[in-house]
Novice: 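Sharing a structure here in structure tokens format.
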Amino acid sequence: MNMRKGLTALILLITLTLPAAAQRNSSLNILKVLNTADHTNPTLQAQTLQLKNARVSFERSMASSDARIDRMNALLHWDRAQLTFKQGKINQLLSVAETYVELQQANENLSNLKERLRLAHDDLKKATERVAIGAASAIEELQAQVSVLSAELSLTSARNARQFNILPIFSENSGIDVNILGSAVLTSKPPDVSNLDALDSYMSTTTTRAENDHATRQLKIADLNLQLLSSTSTSILDLQTAVNTVTSSQAEVLNTVSILQSSTASAYASAQQTLGTVKLRDLQLKLQSENTRRTKEQYTAGLLTDSQLASSDIDRIEATNSLQAAKWIAYFSWIRLHSAAGTDLLEIWTAR
């Protein structure tokens, strides 16, 4: 799979199963953000320049020598530069997607906190009225005042985090003006991730990663260099250095395999855990939905206040948001697992 197709596939994977509403021009969805970041993200721009410089260095090396070993080295360095660029771009795009989700969750949290503050003020007003007519003690009013202040502090903290942390970082990463992001409606929803395959299936594809090929080619270059030095008049120190290089390259081949397998196993464990969290959040939402249903029944029977009913409904909304957040985390972990395993991302998208 070439680099451009791979990166296009990543964007397609991240935007998988987006609802139709998320594609309208009136909303800001992940696809729009990633397409913008692909051209404006400062880190990606720097990586593109580095790749161009690597290309120039490669062409200069190929033009300056016809020696087989020199050309092998030049080609290897160029392939590594392309791999570094591809991996850096994938990681950066994933980071942009995650900051999109972070802002989306911050917006949802602000909405809930505003509603809780409104309810706290309503409760304070009622407590003050009850105290005035002697139907409640002063401590009830004091407790209501504490609840209002607590709700105000929570809302202020969330606003500051969104305004001075999340928004600026997202704006810089995406290349979208902070004022546009501040008023944008973020409508993308996380796709569902099915259960994982067995770990062995991911381990098997790890062997196809380019790093393994690069380590093997480096060993071939070291072997060839040793053969050349052995066939010519070479000092003992230079020959020993070449032997040590071969030994080091042999170790690097084994080390590369070990690191890639370890990374895949770690990504697999992380994906398993995030999927478990999705199941937990789903059960918690079902529980809260049932609690809200019972609250409505009690409210209808005159046993609960308007505030208690509204508070229960906010709890249900927050449980829904928590489930969505868990699904996003699970989906990003799923992508990272396939990236660690060396799976063809375009093949995954086509299969979907």
Side-chain angles (χ1 to χ4, degrees), residues 28 98-173 177-187 190 277 280-329:
L28 184 62
E98 287 173 331
T99 54
Y100 174 98
V101 172
E102 187 177 5
L103 178 59
Q104 184 182 58
Q105 293 169 358
N107 291 344
E108 294 167 347
N109 186 41
L110 276 179
S111 177
N112 292 331
L113 289 175
K114 289 177 182 177
E115 182 62 15
R116 289 200 182 278
L117 177 58
R118 185 189 69 79
L119 294 177
H121 276 295
D122 287 347
D123 288 343
L124 175 58
K125 180 181 178 181
K126 293 175 182 177
T128 301
E129 292 173 349
R130 285 167 56 82
V131 170
I133 63 175
S137 64
I139 192 171
E140 182 175 325
E141 183 178 13
L142 183 60
Q143 289 173 334
Q145 290 174 346
V146 170
S147 295
V148 168
L149 180 57
S150 178
E152 288 177 343
L153 290 175
S154 295
L155 179 58
T156 300
S157 177
R159 277 175 172 164
N160 289 339
R162 177 183 180 275
Q163 185 69 30
F164 302 114
N165 186 20
I166 300 174
L167 270 175
I169 292 176
F170 187 31
S171 177
E172 181 179 359
N173 288 342
D177 186 83
V178 68
N179 294 320
I180 295 177
L181 293 176
S183 59
V185 178
L186 310 184
T187 53
T277 301
L280 174 61
R281 296 290 181 264
D282 186 47
L283 287 175
Q284 290 174 331
L285 174 58
K286 291 177 180 177
L287 177 61
Q288 183 55 50
S289 296
E290 178 61 20
N291 288 338
T292 301
R293 185 191 65 78
R294 295 177 60 187
T295 299
K296 289 180 179 178
E297 291 179 348
Q298 293 175 318
Y299 172 79
T300 302
L303 300 176
L304 298 177
T305 64
D306 294 343
S307 178
Q308 289 172 314
L309 175 62
S311 179
S312 180
D313 196 50
I314 295 176
D315 289 339
R316 181 188 57 79
I317 294 173
E318 289 181 342
T320 301
N321 294 342
S322 293
L323 174 59
Q324 177 169 294
K327 285 184 175 182
W328 273 123
I329 294 173

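This one's a predicted model, so the numbers in the text were calculated from it and none came from an experiment.
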Novice: Quick one: side chains of residues 134-143, donor-acceptor pairs under 3.5 Å with protein atoms, not counting sequence neighbours, listed by atom name and distance.
Specialist:
from: E140; atom 1: OE2; to: R130; atom 2: NE; distance (Å): 3.1
from: E141; atom 1: OE2; to: T128; atom 2: OG1; distance (Å): 3.1

Novice: Kindly indicate whether the side chain of R293, heavy atoms from C-beta on, has any atom under 4.5 Å from the side chain of K296.
Specialist: no

Novice: Identify, with sequence neighbours excluded, every residue that meets side chain to side chain donor-acceptor pair (under 3.5 Å) alongside N291.
Specialist: none

Novice: What distance do W328 atom CH2 and Q105 atom CD have between them, rounded to the nearest 0.5 Å?
Specialist: 9.5 Å

Novice: Give the C-alpha distance, both sets of side-chain angles, the deciding distance and a yes or no for side-chain contact (heavy atoms from CB on, under 4.5 Å) between L103 and L186.
Specialist: CA-CA 8 Å; L103 178 59; L186 310 184; 3.7 Å; yes

Novice: Given L285 and R281, is the side-chain contact (heavy atoms from CB on, under 4.5 Å) satisfied, shown in steps?
Specialist: CA-CA 6 Å; L285 174 58; R281 296 290 181 264; over 6 Å; no

Novice: Please name all residues satisfying side-chain contact (heavy atoms from CB on, under 4.5 Å) with R294, sequence neighbours left out, ordered by chain then number.
Specialist: E290

Novice: If every non-hydrogen atom of A158 is compared with every non-hydrogen atom of L113, which pair is closest and at what distance?
Specialist: CB-CD1, 3.5 Å

Novice: Partners of E318 by side-chain contact (heavy atoms from CB on, under 4.5 Å), sequence neighbours excluded?
Specialist: N112, R116, I314, D315

Novice: Pair R118, E115 - check salt bridge (charged side-chain N to carboxylate O under 4.0 Å, His left out), show working.
Specialist: CA-CA 5 Å; R118 185 189 69 79; E115 182 62 15; 2.5 Å; yes

Novice: Apply the side-chain contact (heavy atoms from CB on, under 4.5 Å) test between Q284 and each candidate in L287, L280, D282; give the one that qualifies.
Specialist: L280

Novice: For Y100 and T187, work out which heavy atoms get closest and say how close.
Specialist: OH-N, 3.3 Å

Novice: Tabulate below the donor-acceptor pairs under 3.5 Å that side-chain atoms of residues 301-310 make, not counting sequence neighbours, or state none.
Specialist:
from: T305; atom 1: OG1; to: Q308; atom 2: N; distance (Å): 3.2
from: T305; atom 1: OG1; to: Q308; atom 2: OE1; distance (Å): 3.4
from: D306; atom 1: OD1; to: Y299; atom 2: OH; distance (Å): 2.5
from: S307; atom 1: OG; to: D123; atom 2: OD1; distance (Å): 2.9
from: S307; atom 1: OG; to: D123; atom 2: OD2; distance (Å): 3.0
from: Q308; atom 1: OE1; to: T305; atom 2: N; distance (Å): 2.9

Novice: Go through the steps to decide whether N321 and N109 satisfy the test side-chain contact (heavy atoms from CB on, under 4.5 Å), and finish with yes or no.
Specialist: CA-CA 9 Å; N321 294 342; N109 186 41; over 6 Å; no

Novice: Who are the side chain to side chain donor-acceptor pair (under 3.5 Å) partners of Q145, not counting sequence neighbours?
Specialist: none

Novice: I need the minimum non-hydrogen distance between D177 and S171, along with the two atoms involved.
Specialist: C-OG, 3.9 Å

Novice: How far apart are the closest heavy atoms of A120 and V148, and which atoms are they?
Specialist: O-CG2, 3.3 Å

Novice: Begin with the C-alpha distance, continue with both residues' side-chain angles, and end with the deciding distance and a verdict on side-chain contact (heavy atoms from CB on, under 4.5 Å) for I169 and N165.
Specialist: CA-CA 6 Å; I169 292 176; N165 186 20; 3.1 Å; yes

Novice: For a 4.5 angstrom cut-off between non-hydrogen side-chain atoms, does R162 reach N107?
Specialist: yes

Novice: Quick check: closest heavy atoms across L119 and S311, and the distance to 0.1 Å?
Specialist: CD1-N, 3.8 Å

Novice: Is there a side-chain contact between Q288 and T292 (heavy atoms, below 4.5 Å)?
Specialist: yes

Novice: Check whether any side-chain heavy atom of R159 sits under 4.5 Å from a side-chain heavy atom of K114, and report yes or no.
Specialist: yes

Novice: Does any part of the side chain of L110, heavy atoms only, come nearer than 4.5 Å to the side chain of L155, both counted from C-beta?
Specialist: yes

Novice: Salt-bridge test for D122 and K125: reply yes if a basic N is under 4.0 Å from a carboxylate O, no otherwise.
Specialist: no

Novice: Taking all heavy atoms of P168 and all of Q163, pick out the closest pair and write down the distance.
Specialist: CD-O, 3.3 Å

